[in-house]
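What follows is a single structure, written as structure tokens, with notes after it.
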Amino acid sequence: MEQNTTVIDAHELTKIYNGRQVPVKAIDGVHLHLEEGEFAAVVGPSGSGKSTLLHLIGGLDTPTSGNVVLAGTEITRLSEHKLIDFRLHHIGFVFQAYNLVPVLTARENIGFVMQLQGLPRSSINKRVDELLAQVDMIEKADVKPAKLSGGQQQRVAVARALASRPRIVLADEPTANLDSVNAGKLLDLMARLNREEHITFLFSTHDPRVIEKARRVITLVDGRVVSDTRPG
Amino acid sequence: MLLVRLAWLNLWRNRRRTLITGASVFFAVIMAIIMRASTLGIYDNLIHNFVSFSSGYLQVNQKGFHDEPSLDLAMVFSPGLIGILKEEGGITAVIPRMQSFVLAAGSGQAKGALFMGVVPSLEKQSTGLHRRLCAGSYPESDTAQVAMLGVDLASRLGLKPGDTVILIGQGYHAVTAAGKYRVSGLLQLGSPELNQRIVYLPLHCAQQLLDAPGMATSLALQIESPAKMEALARRLRPWIDTTQLELLTWKQLFPELDQFITADSAGHIIMSGVLYLVISFGLLGTLLMMARERTHEFGILVSLGLKRSRIAFMLLCESVFISLMGCSAGIASGWLLVRWFHLNPIPLGGRLKEMYLSYGIEPVISVSNRPDVFTVQAMVVLFISLALVFVPMVKVFQLQPVAALNS
């Protein structure tokens, strides 16, 4: 029997922004615990703190209080330099607006993170070819983002997120800009990668298609976890 | 290498802006080169005109002659001394000259004049004195009994080629010196002051007139590179008997000319500074714009795991690329322009000509093609681009990833 390992452990996480008049509590004492290989969605209305929670877990933002432990490392204690290094090796991001580097081709975008890691050219090429095949983008490998459709760009973004073989992929509203066909394909792709490569996926979304696919749904309201369910 | 390539690709995301910024650097470099080259050209020309027909860039004379230019401090110049000087590289000619003051008289007029005994063949070869002839003929032999006068002096004395000039003065050891010579030619020298004062006589004639056979008051040294004059002077001094002789540079001989150039060039340097300041703001505007409109992208790069220092390096590369493109095109075009104007100086006319003459400057705009005219501009522009990129770099280091992602 496979033994699960904790990959995300957020404890008493709070984030307060200094608003114009009064401080705004975006995340309010959140506890979150994700095992390796989970396929989870954080849902909630706009302004409930979904993206903020993902940013805190990904080390893009610092909590006002509480801590985040990712794959055994307490990232809230890491220096900026070490945190960037940690992200480079352990976390993959998928954004709503794809956010590919516009001057690089699909192939180069996927290989970008591995180049930053300093991997040899041969292993980068091998991995990129593998990922291009997985996301069904071999034919568009040498095309720049501006000439790709939204769905194609998001598939490249997913491939980029997976390039460094991260343990966690954080996806912030990944299907928000996609039509239902492309959204469906993307979700199938991520579900398959989750199954085959045992990568932990955590989405922020209010897309019912994503919620339907997720094996765990965490609901946030006003920065607090109000429910944490495992459908099916 | 990835970041360098990324920087290069980023430049062409907004081709027009990159080209406009590169063009501003290009025109700044060209203008700075032309401005500096013409300034240095005017100075070089001024110095050349002033020293070629008087002292040479370097001068060897009897100790004390410069402070008290008396014929009694004339020296016997030996072929040995000339050989020693020529042996050291960098000297193109060693020209003996006999300098004194005389009273020159023509038809009913007399005027104090600067008297210069020269070897006509040697001057022709090394200083191109014959090219300054504006009327009459140049002495065909070094022993001809003829005189050449500055054109304004001749006019003042009412003399023209073929007339006779009478020279009266004091010779070596206070003997009376007097002689009359046929005016063979009139000279239009670069220095208006010399045009009003100079009388040239073949050295042999001058020695006879002044009763100083085999003597000269100075040895004028023409040199290959005026820019290396000080170093050459330092190399030569140990070879000269400094108990008897002294070697002086034109700066020591004419300190007022050196001071004038120093003071005047300060103004030009300030002008160049203003020019670069304008360019700096243009470049800074572009760099800030390039950084600002990519705030979101920088947020992405940081979230992907690119360190801020590496983003800063990428910005540095972008700035250096723009500067290098503008700079190299500017230097290449500037070099062609400078080359053209160096070979074809622009003669001035009208009031500008009169103004130049009133300052004792030859009324031409000649440009200097010294290598530092180009290298200094390139260095300045590169330095500016490196200094300016510091501003967007600071912004990258202050970047908040989440704020950047939401921008």
Side-chain angles (χ1 to χ4, degrees), chain A residues 15 17 26-27 51-63 79-105 108-119 121 124 144-146 157 160-161 163-164 166 170 172-173, chain B residues 1-19 286-287 289-319 321-322 325 393-407:
Chain A
K15 179 69 185 178
Y17 290 112
I27 295 292
S51 295
T52 305
L53 181 61
L54 253 67
H55 291 152
L56 292 173
I57 290 171
L60 294 176
D61 206 352
T62 47
S79 66
E80 158 84 13
H81 207 68
K82 284 186 177 165
L83 189 56
I84 290 178
D85 228 30
F86 185 87
R87 274 203 299 271
L88 180 63
H89 290 92
H90 299 285
I91 307 173
F93 281 98
V94 179
F95 301 96
Q96 178 181 341
Y98 329 128
N99 291 331
L100 298 174
V101 180
V103 292
L104 300 180
T105 63
E108 290 167 334
N109 262 290
I110 297 170
F112 183 73
V113 172
M114 288 183 282
Q115 280 193 273
L116 293 182
Q117 287 178 321
L119 296 178
R121 172 64 60 187
I124 292 175
K144 287 189 178 167
R160 179 181 65 183
S164 61
L170 301 173
D172 190 7
E173 307 269 10
Chain B
M1 198 59 205
L2 168 72
L3 296 175
V4 174
R5 180 163 172 264
L6 210 51
W8 177 254
L9 293 172
N10 280 332
L11 284 188
W12 305 108
R13 285 163 69 174
N14 192 331
R15 189 180 295 263
R16 185 181 296 177
R17 185 179 56 204
T18 300
L19 290 176
T286 303
L287 292 174
M289 189 68 84
M290 282 173 78
R292 188 175 170 76
E293 71 183 18
R294 287 191 290 158
T295 305
H296 180 78
E297 190 178 314
F298 294 156
I300 305 295
L301 294 174
V302 170
S303 66
L304 289 178
L306 187 62
K307 292 192 175 75
R308 291 158 201 271
S309 55
R310 298 183 79 182
I311 298 177
F313 174 73
M314 188 175 75
L315 289 177
L316 180 73
C317 290
E318 289 172 11
S319 175
F321 283 150
I322 292 183
M325 282 189 294
M393 272 179 172
V394 168
K395 292 202 174 295
V396 166
F397 281 105
Q398 290 172 338
L399 182 122
Q400 298 294 324
V402 174
L405 285 170
N406 292 333
S407 67

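All heavy atoms count here, side chains included; hydrogens, waters and symmetry mates do not. Quantities reported herein were computed from a predicted structural model and do not represent experimental measurements. Proteins come first, then strands; the chains are lettered A, B, ... in the order of their sequence lines, and each starts at number 1.
By a heavy-atom distance cut of under 4.5 Å, B:Asn10, B:Arg13 are the residues of residues 10-17 of chain B near chain A, going up by number.
Remark: A:Arg160 CZ to A:Leu100 CG distance equals 5.0 Å, nearest 0.5 Å.
The backbone N or O of B:Arg292 lies less than 3.5 Å from a partner atom in the side chain of B:Thr295, making a donor-acceptor pair. A donor-acceptor pair is defined here as one N or O able to donate and one able to accept, closer than 3.5 Å; no such pair exists between the side chain of A:Arg87 and the backbone of A:Phe93. Looking only at distances, a side-chain donor or acceptor of A:Lys15 sits under 3.5 Å from a matching main-chain atom of A:Thr62.
Between A:Leu54 and A:Glu173 there is no side-chain heavy-atom pair separated by less than 4.5 Å. Residues A:His55 and B:Pro401 are not in side-chain contact: their nearest non-hydrogen atoms beyond the backbone lie 4.5 Å or more apart. B:Leu399 is not listed as a side-chain neighbour of B:Lys395, based on a closest heavy-atom distance of 4.5 Å or more.
The neighbour count for A:Gln115 CD, taken as heavy atoms of other residues, nucleotides or ligands under 6.0 Å away, is above 12.
Annotation for B:Met314 and B:Leu6: closest pair SD-CD2, 3.7 Å, computed over non-hydrogen atoms.
Contacts between A:Phe95 and chain B at a heavy-atom distance below 4.5 Å involve the side chain alone, from C-beta outward. With a 4.5 angstrom heavy-atom cutoff, A:Ile91 does not touch chain B via any of its atoms. Proximity to chain B (any heavy atom under 4.5 Å) is shown, for A:Gln117, by neither the backbone nor the side chain. A:His81 touches chain B through backbone and side chain together, each having a heavy atom under 4.5 Å away. In this structure, chain A has a heavy atom under 4.5 Å from the side chain of B:Leu405, while its backbone stays farther away.
Between chain A and the residues B:Glu297, B:Lys307, B:Met1, B:His296, the most heavy-atom pairs under 4.5 angstrom are made by B:Lys307.
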